[in-house]
Structure formats: C-alpha cells, structure tokens
> 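Sharing a structure with you now.
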Amino acid sequence: MTSSRSRRKTWSSIFVALCACAVLLALIPLALILFFVVSQGIQALNLEFFTNMPKPVGEPGGGMANAITGTLILVSLGSLMAVPIGVLSGVYTSEYAGTRFAALVRFAADTLNGVPSIVIGVFVYGIAVLPFKQFSAIAGGIALGVMMIPIIARTTEELLLLVPETMREGALALGATRARAVFTVVLPSALPGIVTGIVLALARIAGETAPLLFTSFNNRFFTTKLTQPIASLTVQVFSYAISPYQDWHRQAWAGALVLVTIVLLCSLLARVATRRLEGMHGR
Amino acid sequence: MVKRSYDLGFRLGTGLFGIVLVLVVVAIGFELTRQSMLSIQKFGFNFWRTEIWDPVAGNFGALPFIWGTLYSSILALLLAAPIALGIAVFISELSPAALRQPLVFLTELLAAIPSIVYGLWGIFVMVPAVRAFETAMPASLRQWPVLSGPPFGVGMLSAGLILAIMVIPFTSSVAREVLKSVPMAQREGAYALGATRFEAIAAALFYARTGIVGAVMLGFGRALGETMAVTMVIGNNPQVSLSLFAPQYTMAAVIANEFTEAADELYLDALIEIGLVLFVITLIVNSLSRLLIWSMARSAKTAPAPAAATPADAVA
C-alpha cells in the first residue's frame with residue numbers, strides 16, 4: 001500500500017520534471033538562434049548597411065539600402081490593401097456574429113490563415129504577374145496583403161467582441177444607428193487593441209519570404225517604381241545565404257538581425273500596450 | 001424607416017468586405033486549378049505515382065515531393081508533439097504564476113521569428129552540428145536503412161528538426177487554450193479521489209483529448225506548408241528514400257526553388273499543380289483540426305458544471 005503510493009508519487013515527480021525539461025528543450029533553440037543572429041549580425045551591421053547599395057561580388061562592404069526601402073514599400077502596399085478589408089470584415093463578423101454568413105467569413109479567414117505562404121505566392125503570380133508579364137512591387141504587395149487580411153480580420157473581431165455590450169446599447173438607446181454606434185463608440189474603444197494587432201501583423205508579414213520570391217522578385221538596384229521588380233530584406237537574405245561568398249553571408253546575418261529586431265520590438269510594444277489595455281478595462 | 005435602411009446599408013457595406021475574404025479563398029482554388037490544367041490533363045493521376053522529375057525531357061512526377069513533405073512533417077510532429085504538450089502542461093498547470101507570462105512570451109517569440117532566419121541559422125549552425133552527429137554515428141547503426149547513406153548534414157533529419165522547432169509554439173499555444181477550457185472540477189474531482197498531480201493532469205488531458213489531437217494537427221498543417229527554412233536545409237534532391245540522412249525535397253521547396261526557372265508552360269503547370277495539391281491538403285488538415293478544437297470547446301462549455309466548482313472559479 002505505502003510502496004504503491006510512493007511509486008505513484010515518484011511517477012508524478014518524474015512527469016513534472018519531464019514537463020519542465022520540455023520547456024527547456026524549446027528554450028535552447030530560441031537562445032541559440034538569438035545568440036547567433038546577434039553575435040554574427042552585429043559584425044556586419046553598421047550605418048553603411050542601412051545607407052549603401054549592395055556591392056558587386058568581391059568588393060567588401062556595401063549595404064541593403066535598396067532592400068530595406070523595398071520591404072517598407074511592400075509592407076505599406078500590403079497594409080493599404082489589408083487594413084480596410086480586414087477591419088471592416090471583422091466589424092461584420094462581430095456585429096452579426098450569429099449569422100450564417102459571418103460563420104462563412106470566419107471560416108474563410110481561418111482557411112486563408114492556414115494557406116501556406118508559398119501557395120499565396122503562386123496564386124498572386126497567376127493573377128498579378130502572368131497577365132502583365134512583369135514581376136512588380138504591386139504583385140508583392142498584394143501577396144503580403146492577402147496574408148495580412150485574415151490576421152487583421154480575426155484580431156478586430158475578437159477585440160470588438162470584448163467591448164462591453166452596455167456601451168453599444170447605450171449608443172443605440174440614444175437613437176444612434178447601428179453604423180454610428182459602431183464607428184463612434186464601439187470601434188474607438190477597441191482601437192488601441194486593433195492597432196496593436198495590426199502592428200503585430202506588420203511585423204509578421206515583414207519577415208515573409210516565400211510569397212515574394214516570384215511576385216516582387218528581387219532587384220540589385222534601388223527603385224521605388226511600383227511596376228518594377230523590387231528588392232526586399234528577406235529575399236536578399238535568402239539569396240545571400242545560399243551564395244558561396246563569405247562577405248554575403250555576413251550581410252545575410254546582418255539582415256537577419258534587422259528582421260529579428262523588428263519582430264522583437266513589435267512584440268514587446270504589443271505586450272506593453274495589451275498590459276495597459278487590460279489595466280484600463282480592469283480585467 | 002430611414003434608420004432601417006441605414007442599418008441595411010451598414011450591414012451590406014461591411015458584409016461586402018467579408019465577401020472579399022470568401023472570394024479570395026475561392027479564387028485561390030480556382031486560379032491554381034486553371035493554371036495547372038496542362039499538367040493535370042497530360043499526366044492525370046500518374047503525376048502523383050511517378051518518381052521521375054526530369055524538366056529537360058518534360059517528364060514530371062511529384063511522388064518524391066509529396067513523400068518528402070509527409071516524411072518531414074510527420075518527423076517534425078513526432079519530435080514536436082511531446083515537447084509542445086509538455087510546455088502546455090507546464091505553463092497552464094505547473095508553473096509558478098510569476099513565470100507564466102514570461103514563458104508564454106518566450107514561446108510566442110519562437111513563433112514570431114521569420115522562417116528565413118530559421119533557415120539561415122539552420123544552414124550555418126544546425127546543419128554542421130547534424131553533420132557531426134551523423135558522422136559520429138557508429139557503423140553498426142548505419143547499416144539500418146533509416147540511418148544509411150553518406151552524412152551530408154543537409155537532409156531529412158535537419159528538415160525534421162527545424163520544422164519541429166518551428167511547430168512547437170503553435171501546438172503548445174493551442175494545447176494551452178484547450179487545457180484552459182477543461183473545467184476545474186475535473187481536476188478537483190481527481191484530487192478529491194486521492195490522485196497525484198500526474199494523475200489529475202492525466203485526467204484533464206484525457207478530458208481534453210479531442211482538442212489536444214486538434215492542436216497537434218494544427219502544427220502538422222503548419223509543417224506541411226513551411227517553405228524557406230526547409231528549402232535551405234533539406235538538400236533539395238528529388239528522391240524517395242527512407243533514410244534520415246538522405247537529401248530530399250518537399251512540395252513547398254520545389255516550388256520556391258524552381259518556379260522562376262520553369263522555362264516552358266508544362267514545367268510551370270506541373271509546379272502549380274503541386275501548389276494546388278498542397279493547398280488542398282493543408283485546407284483539409286486545418287479544417288479537421290479546427291473542427292476537433294471547436295467540438296472540444298463546445299462540449300466543455302455545455303458540460304454540466306457542479307455547483308461546487310463555482311466558488312473555486314471565483315477564487316481562481
């Protein structure tokens with residue numbers, strides 16, 4: 001009796017220890033990745049990296065000014081497309097949450113969220129590259145936009161549903177139309193959260209490579225023309241990483257460091273903002 | 001009356017943007033089918049049974065890619081699922097309250113790191129380590145088909161490892177949500193019967209089994225479509241091999257590598273057909289996993305909660 005009890009207790013402790021080990025096992029790669037990205041990246045990261053153009057093979061130095069500009073342009077184009085569609089469809093699915101069509105939209109958003117990014121690249125190639133026989137920044141922006149829409153839609157919906165029903169009812173009781181209640185009362189009170197969600201979506205999308213490979217393609221030169229192929233930080237890192245040149249590898253690590261910094265800053269920012277929001281709503 | 005038409009306008013106006021979402025999904029399926037017609041008509045189902053991928057001769061068989069995708073994803077799943085579940089249990093059941101938020105943040109960070117950064121790290125840090133591991137493998141073990149072949153470093157093992165790291169945060173965060181939805185009374189009941197901590201958690205896990213399976217499948221769906229990191233470490237060699245050391249290829253990787261090189265129409269269509277099938281497979285896996293998670297959440301919500309559970313909830 002006692003021995004079986006102590007055996008059960010031992011098993012239980014082993015289980016607890018195993019769970020703690022699982023956490024450590026996942027944190028080791030995280031620490032290793034951050035360590036290598038920072039230690040390798042910092043060596044090639046300087047002001048030149050941000051302001052200079054790529055140098056030809058064999059010449060040391062140079063930077064990714066074109067790729068950084070390209071990523072900014074692509075992400076802006078993507079959000080220009082995704083923010084209105086995402087936010088307004090999120091408004092629909094939260095306002096008419098019980099309807100069958102809202103369920104369909106929600107299903108579409110989840111489905112789109114699960115579509116591999118490379119498939120989105122192929123799709124956008126078919127609709128925005130093939131017809132014009134031209135890789136372009138616009139096509140890249142569309143690809144990123146398609147990936148952003150479901151993230152923004154679901155975040156908006158979730159945050160709108162958190163707004164207390166009494167606020168909406170108050171506005172309606174004062175004679176406001178539904179649209180007015182939503183746009184002047186409900187949406188503004190959820191706005192900080194929605195903006196946080198958008199920032200997170202931006203950070204995630206800035207790190208995407210696969211959908212850009214054959215939509216915005218790549219460009220060794222500086223361009224801001226939307227109808228031309230354009231460089232991006234991620235595609236540049238990819239082509240440098242698989243190249244045989246030491247100097248390009250160093251540049252790739254620097255690019256990775258910039259990407260990780262963007263992601264890290266955005267997540268921290270979002271975390272602080274959510275904390276503050278939760279404090280405000282007293283949750 | 002005026003008001004009612006306003007409301008209708010609002011509903012239609014916002015609904016229009018909802019339609020866009022639905023249309024995009026439909027358009028992806030339609031467009032991929034349309035663009036891959038040539039390949040579908042020429043090869044039919046044989047496309048998925050043939051092992052030969054010879055763009056020069058115009059012979060395309062996608063078996064090596066579907067094999068590589070499934071092999072790498074299942075390998076990743078085997079490695080990631082126990083770890084992810086352990087993390088979920090630790091964070092939601094065992095961790096001291098002060099540690100909980102930082103741990104959630106750190107695992108989410110793992111999900112936020114871009115795929116290309118994983119790939120870069122994979123090429124320059126993980127692959128050399130894997131190569132050293134493979135070289136150190138005793139010859140007697142190398143006789144085994146799973147461990148046969150020259151130790152390149154790049155190959156199935158590297159792909160499985162990097163996918164596992166990438167999938168862990170997804171599975172663990174969903175599993176955590178699922179565990180959260182298990183009524184406290186389940187655990188309290190187990191404790192009241194004299195269960196140890198492990199037995200109480202096992203009861204909660206058993207209660208949540210549908211949702212847990214859903215969480216694991218969601219990770220599987222992620223692994224199937226992962227592109228950049230896998231492309232950079234799997235070795236990109238179209239062959240069907242059981243060996244973990246062998247360089248192989250996945251569906252996503254072949255599209256990423258060869259799409260811009262596809263010179264003729266048939267080649268391009270064959271690649272797009274691979275994309276179409278990848279789309280359909282992930283669609284099925286993801287829908288199924290969401291269905292499981294949803295049915296679990298619903299049954300937990302509608303389960304009759306004993307009155308005793310209420311004060312405990314209030315304290316928590």
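Lettering follows sequence order; numbering is per chain, from 1.
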> Sort A:Arg204 into side chain, backbone, both or neither according to what part of it lies under 4.5 angstrom from a heavy atom of chain B.
side chain
> Is it the backbone or the side chain of A:Val146 that comes under 4.5 Å from a heavy atom of chain B, or both, or neither?
side chain
> Distance from A:Leu257 atom CG to B:Leu120 atom CG, nearest 0.5 Å?
11.0 Å
> Checking A:Ala102 against chain B: side chain, backbone, both or neither under 4.5 Å from a heavy atom?
neither
> Would you give the length of the straight line joining atom CD1 of B:Ile255 to atom OH of A:Tyr125, rounded to the nearest 0.5 angstrom?
13.0 Å
> Side chains of A:Val237 and B:Met228: does their closest heavy-atom pair fall under 4.5 Å?
no
> Is the shortest side-chain heavy-atom distance between A:Thr177 and B:Asp7 below 4.5 Å?
yes
> How about CZ on A:Arg180, more than 12 heavy atoms from neighbouring residues, nucleotides or ligands closer than 6.0 Å, or not?
no
> Based on non-hydrogen pairs under 4.5 Å, which of B:Gly225, B:Ala195, B:Ala111, B:Gly18 is most in contact with chain A?
B:Gly18
> Non-hydrogen atoms of chain B under 4.5 Å away: do they reach the side chain of A:Leu25, the backbone, both or neither?
side chain
> Identify which of A:Val91, A:Val260, A:Leu30, A:Val263 forms the greatest number of heavy-atom pairs closer than 4.5 Å to chain B.
A:Leu30
> Nearest 0.5 Å, what's the CD1-CZ distance between A:Ile120 and B:Phe279?
9.0 Å
> Among B:Ile168, B:Ile123, B:Ile165, which residue forms the greatest number of heavy-atom pairs with chain A at distances under 4.5 Å?
B:Ile165
> State the CZ-CG distance between B:Arg290 and A:Asp110, to the nearest 0.5 angstrom.
4.0 Å
> Given that the side chain runs from C-beta out, which part of A:Phe36 has a heavy atom under 4.5 Å from chain B: side chain, backbone, both or neither?
side chain
> Heavy-atom distance under 4.5 Å between the side chains of A:Leu32 and B:Val125, does that happen here?
no
> Does B:Trp121 reach the side chain of A:Val37, with side-chain heavy atoms less than 4.5 Å apart?
no
> What part of A:Phe123 gets closer than 4.5 Å to chain B, counting heavy atoms only: side chain, backbone, both or neither?
both
> Nearest 0.5 Å, what's the CG-CG distance between A:Leu27 and B:Leu109?
10.0 Å
> Measuring from B:Leu21:CG to A:Leu88:CG, what's the distance to the nearest 0.5 Å?
11.0 Å
> More than 12 heavy atoms of other residues, nucleotides or ligands under 6.0 Å from OH of A:Tyr245: is that the case?
no
> Below 4.5 Å, heavy atoms only, C-beta onward: do A:Leu213 and B:Thr260 meet side chain to side chain?
no
> If I measure from the heavy atoms of chain A, does B:Leu32 come under 4.5 Å with its side chain, its backbone, both, or neither?
side chain
> For the residue pair B:Phe10 and A:Phe183, categorise the inter-ring angle as parallel (less than 30°), tilted (30 to 60°) or perpendicular (more than 60°).
perpendicular
